[in-house]
Amino acid sequence: MQNAALENLLTRRAVRSYKTDPVPDDVLNRVIEAGLYAPSGMGRESPVILAVTNKEVRDELSRLNAAVMHLEGDPFYGAPVVLVVLASPELAGTYLEDGALVMGNLLNAAHAEGLGSCWIHRAKQVFETPEGKAILEKAGVPAGYVGIGNCILGYAAEPEPAAKPRRNGRVFRLA
């Protein structure tokens, strides 16, 4: 394929096993910047990103996330970085869609930078808890933001799997 952007979109896969190696700040900053450039409804830019590289905070988020599902273990698969996307329903009626676009940009930018990534759900529930709200307050995130998703990232412990064939019958056309 000739187009690097399309190649990146077609080869990105969810990674569920990570090395403990830290992600360099310059790489992390480029991924975050790509997330911030996602389109948003009426240009309102409702989503914000909480970048968590502190191991204690990352582990607390992991514990809170697992508790939502009544599970034990690490739902972040050992990834050293969690980029939490939050958005404000008060700023934009499209806050969910806008946050999802930020998540997509983060996932694809991580792949372009040679990182593994995965969207982990339950951010909404985690940040509705008193502990989750305390983390947001400590980080300076204004009240009223809703968790959209957790983008975990780091260096993949194993090679990313090849794409499975796509299911047929998913495109309809009107010409």
**Request:** Quick one: do V81 and L115 satisfy side chain to side chain contact (heavy atoms under 4.5 Å, CB included)? Show the steps, please.
**Result:** CA-CA 11 Å; V81 176; L115 298 171; over 6 Å; no

Is [X] linked to [Y] within one hydrophobic cluster, defined over Ile, Leu, Val, Met, Phe, Trp and Tyr using a side-chain heavy-atom separation of less than 4.5 Å?
{"X": "L96", "Y": "L106", "value": "yes"}
{"X": "W119", "Y": "Y145", "value": "no"}
{"X": "V57", "Y": "Y77", "value": "yes"}
{"X": "I49", "Y": "V23", "value": "yes"}
{"X": "V31", "Y": "V52", "value": "no"}

Going from [atom1] on [X] to [atom2] on [Y], what distance comes out if it is rounded to the nearest 0.5 angstrom?
{"X": "Q125", "Y": "M69", "atom1": "CD", "atom2": "CE", "answer": "9.0 Å"}
{"X": "S40", "Y": "L91", "atom1": "OG", "atom2": "CG", "answer": "10.0 Å"}
{"X": "L50", "Y": "L61", "atom1": "CG", "atom2": "CG", "answer": "7.0 Å"}
{"X": "F76", "Y": "I120", "atom1": "CZ", "atom2": "CD1", "answer": "7.0 Å"}

**Message:** Does atom CD (E90) have a neighbourhood of more than 12 heavy atoms from anything else shown, all under 6.0 Å?
**Reply:** no

**Message:** Is it true that, when you exclude E158 itself, more than 12 heavy atoms of the residues, nucleotides or ligands shown sit nearer than 6.0 Å to its CD?
**Reply:** no

Looking at residues at least two apart in the chain, or sitting in another chain, which of them share a side-chain hydrogen bond (donor to acceptor under 3.5 Å, both in side chains) with [X]?
{"X": "T11", "value": "H111"}
{"X": "R13", "value": "none"}
{"X": "R63", "value": "E60"}

**Asked** Should the pair E137-K133 be classified as a salt bridge under the 4.0 Å nitrogen-to-oxygen rule?
**Response** no

What pair of heavy atoms forms the shortest contact from [X] to [Y], and how long is it?
{"X": "S62", "Y": "D74", "result": "OG-OD1, 2.7 Å"}
{"X": "I32", "Y": "A51", "result": "CD1-CB, 3.9 Å"}
{"X": "A156", "Y": "V15", "result": "CB-CG1, 3.8 Å"}
{"X": "G132", "Y": "L64", "result": "N-CD1, 4.1 Å"}
{"X": "A87", "Y": "Y95", "result": "CB-O, 3.6 Å"}
{"X": "V84", "Y": "F127", "result": "CG1-CE1, 3.4 Å"}

**Worked check of side chain to side chain contact (heavy atoms under 4.5 Å, CB included) between K55 and D59** = CA-CA 6 Å; K55 182 166 177 20; D59 291 349; 2.8 Å; yes

Answer yes or no: is there a donor N or O on one side and an acceptor on the other, between the side chain of [X] and the main chain of [Y], under 3.5 Å?
{"X": "N8", "Y": "N108", "value": "yes"}
{"X": "S117", "Y": "L153", "value": "no"}
{"X": "N150", "Y": "I152", "value": "no"}
{"X": "R166", "Y": "K164", "value": "yes"}
{"X": "T94", "Y": "E97", "value": "no"}
{"X": "D98", "Y": "G41", "value": "yes"}

Just so I know, are the side chains of [X] and [Y] near enough to count as touching, which here means a heavy-atom distance under 4.5 Å?
{"X": "S46", "Y": "S88", "value": "yes"}
{"X": "V102", "Y": "L36", "value": "no"}
{"X": "D21", "Y": "P80", "value": "no"}

**Item:** side chain to side chain contact (heavy atoms under 4.5 Å, CB included) between L28 and L83, intermediate numbers included
**Value:** CA-CA 10 Å; L28 184 56; L83 300 179; 4.0 Å; yes

